[in-house]
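Scope of the values below: all heavy atoms of this structure, side chains included, with no hydrogens, waters or symmetry mates.
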Amino acid sequence: MSTRTRFAPSPTGYMHIGGMRTALFAWLWARHTGGAFILRIDDTDRQRNIDEALGPILNAFRWLGLNWDEGPEVGGADGPYFQSQRSDLYRAACDRLLAEGKAYRDFDSPEVVQADRQAAEKEKRPYINVRRSLDLTPQQVEEHLAAGRPHVIRFLVPRDRSEKVAIDDAVRGHVEWDAALLSDPVIMRSDGSPLYNFATVVDDGQMRITHVIRAEEHLSNTPVQVLMHEALGYELPAFAHIPFVTAPGSTKKLSKRDVDKYKNNPQFKRMFERADAVFPQLGLGTSETLNPVMVEYYERIGYLPQAVLNALARLGWSLDDKTEIMSLDTVIENFTLDRVVKNCAGLDPDKLFAFQSHWMSEVPLDEKVVRCGDHLRTAGLVHDPLEPAARERITAVVTALGDRLKLYSDILDVDYFFKDEIVYDEKNFAKRVAKDGTPELLAEFASSHLEPLSTADWTAERLEAELNAFSEAKGVSSGLLIHALRLSTTGQAVGPGVYDALVLVGREKSLERITAALMKARNS
RNA sequence: GGCCCCAUCGUCUAGUCAGGUCUAGGACAUCGGAUUUUCAGUCCGAGAACAGGGGUUCGAAUCCCCUUGGGGUCACCA
């Protein structure tokens with residue numbers, strides 16, 4: 001039988017990076033086995049603004065290139081793929097259970113149930129729901145029904161079953177539970193809508209899912225689901241509970257609720273700072289609106305899908321003892337569930353960045369130019385990046401940047417190549433320019449060696465030769481002038497090689513900026 | 001608290017199922033050196049781990065038990 005895996009997100013308005021990893025593993029297993037990957041939307045709870053809430057999720061899949069064989073937009077034979085449109089299926093399954101005595105109507109009010117729970121807690125004994133409604137005679141049930149008395153429907157756990165409820169999890173191995181300790185799960189609310197635990201079983205059964213690959217936090221839902229699969233006569237799928245992704249340097253599940261804490265996390269901190277530096281320029285808000293818990297963060301800040309995919313694949317899975325850099329095709333070819341690690345894995349921003357460095361080095365110049373052009377246009381630094389002169393300039397800058405360009409948004413750090421005014425890195429300006437003797441040296445170099453140069457002679461080679469000749473004659477380290485020149489003409493301490501930078505800034509503007517810097521140094 | 005899961009360098013991991021070849025391998029990060037009389041980068045190198053205790057065995061990171069620690073989950077959420 002052909003493999004069928006699924007990912008069933010709830011439309012929350014964003015795609016969680018940890019959820020993305022779970023989805024990736026399910027997708028990978030389907031692709032590795034030549035099976036089907038199904039996207040199913042768990043929207044039993046919220047029906048409003050479904051498009052708005054679903055958009056970012058589908059976008060995340062598209063950005064990473066993870067296609068789905070059945071689901072929203074593409075349809076499929078086992079649809080619909082929105083739980084909100086599958087009510088009849090749940091109703092029918094529930095009726096069947098009811099008719100077979102495998103489920104029952106529970107007339108206890110939420111308050112009563114709550115009191116039971118509290119009583120159990122007080123007496124320090126495990127809570128299992130009290131089956132009062134089971135004592136009702138058929139006649140009493142009819143009366144309650146006729147009276148329109150609100151009730152839920154619970155699945156009747158076979159607590160007296162002799163053997164344990166067990167699964168052979170593809171990643172965790174044999175796991176078993178004692179059915180006698182299980183509470184009867186509510187499968188239908190009093191308003192007639194299904195609960196997740198039930199809907200999932202009905203969907204997985206009806207869609208003939210062969211491998212339920214999901215995050216570890218669902219492990220404790222598994223026993224009742226197994227029982228419900230059995231009760232409904234579905235063939236039990238294989239389960240693979242993969243570890244969840246934790247926050248960097250933590251053992252706790254990565255959660256959007258904790259973003260405020262993450263801002264102080266030493267490893268996460270830089271990502272938030274980067275967001276606050278970049279997103280406002282792109283009109284995307286700040287780290288408040290887009291943060292590293294969301295997949296969109298990575299897309300917008302200029303990560304490569306290859307890098308994110310590589311990092312995600314290596315989080316809880318490995319090919320062997322040395323392979324780190326892997327294309328999606330390589331991962332598909334080698335992905336197996338038995339090589340999924342059992343313990344939870346912390347998202348590592350540094351490692352992701354390292355993957356990014358590698359994959360960015362594989363991107364052709366033209367592609368980099370186009371993507372950087374997009375960022376520049378969005379930031380208002382370039383009107384039309386496709387216009388020949390602009391394109392040429394962007395190409396020159398990207399070339400000069402070389403492998404310094406790690407994220408596409410890095411292009412915004414060299415905005416001084418695209419606008420007139422520059423922002424000084426004050427600390428480094430003081431250190432490299434406004435210090436003993438340097439302004440005088442710089443002034444002399446500018447007037448004696450730079451100003452005489454014609455625009456045609458304003459080349460990296462010539463500039464380097466002039467600078468070397470001057471510093472040799474003066475008996476000073478060339479590094480002194482190199483730093484002073486960079487700070488003066490770009491305002492920054494880091495950037496392309498200084499001769500390239502001077503060429504990019506141009507003769508005219510370079511001289512102007514040096515003059516301005518000298519004035520600034522004198523006044524400080 | 002009940003139930004369940006997990007435990008190798010700071011981090012991600014290889015090795016665990018089929019004990020020896022593991023004085024525990026790789027990657028990221030860190031530190032040091034080289035290079036560019038420039039930041040970055042690149043190259044080379046270094047430090048860095050089997051949670052603890054009992055067993056079984058000639059031999060245990062690997063098998064068994066206990067302890068400790070971490071985590072998940074206990075809804076008319078998903």
Choosing from B:G26, B:C4, B:G72, which nucleotide comes nearest the side chain of A:L219?
-> B:C4
Contact under 4.0 Å: A:K122 side-chain N or O vs B:G1 OP1/OP2 = no
Would you call A:R486 and A:D425 a salt bridge, using N to O less than 4.0 angstrom?
-> no
Determine, for A:R462 against A:E466, whether the closest basic-nitrogen to carboxylate-oxygen distance falls under 4.0 angstrom.
-> yes
Return each pair, listed once, that meets side-chain hydrogen bond (donor to acceptor under 3.5 Å, both in side chains) where at least one residue sits in residues 471-483 of chain A; pairs must be two or more places apart or across chains.
-> A:R432-A:H483, A:E444-A:K474
Has the side chain of A:S190 got a donor or acceptor that lies under 3.5 Å from a partner of the other kind on the base of B:C76?
-> yes
State whether A:R172 places a side-chain N or O below 4.0 Å from either non-bridging phosphate oxygen (OP1 or OP2) of B:G72.
-> no
Could I get the full list of salt bridge (Lys or Arg N to Asp or Glu O under 4.0 Å) partners for A:D106, not counting sequence neighbours?
-> A:R154
Taking only residues two or more places apart in sequence, or in another chain, which ones meet A:D168 in a side-chain hydrogen bond (donor to acceptor under 3.5 Å, both in side chains)?
-> A:H174
Any side-chain donor paired with an acceptor under 3.5 Å for A:Q492 and A:T490?
-> no
Give the C-alpha distance, both sets of side-chain angles, the deciding distance and a yes or no for side-chain hydrogen bond (donor to acceptor under 3.5 Å, both in side chains) between A:H241 and A:T222.
-> CA-CA 10 Å; A:H241 287 95; A:T222 309; 3.2 Å; yes
What string of B, S and - do you get for nucleotides 65-70 of chain B 5' to 3' if you count protein non-hydrogen atoms under 4.0 Å?
-> -----S
If a protein heavy atom is under 4.0 Å from the base, mark B; if only from the sugar-phosphate, S; if neither, -; do that for nucleotides 36-42 of chain B going 5' to 3'.
-> -BBBBS-
Protein proximity profile, nucleotides 10-16 of chain B - base contact B, sugar-phosphate-only contact S, no contact -, cut-off 4.0 Å on heavy atoms = -SBSSS-
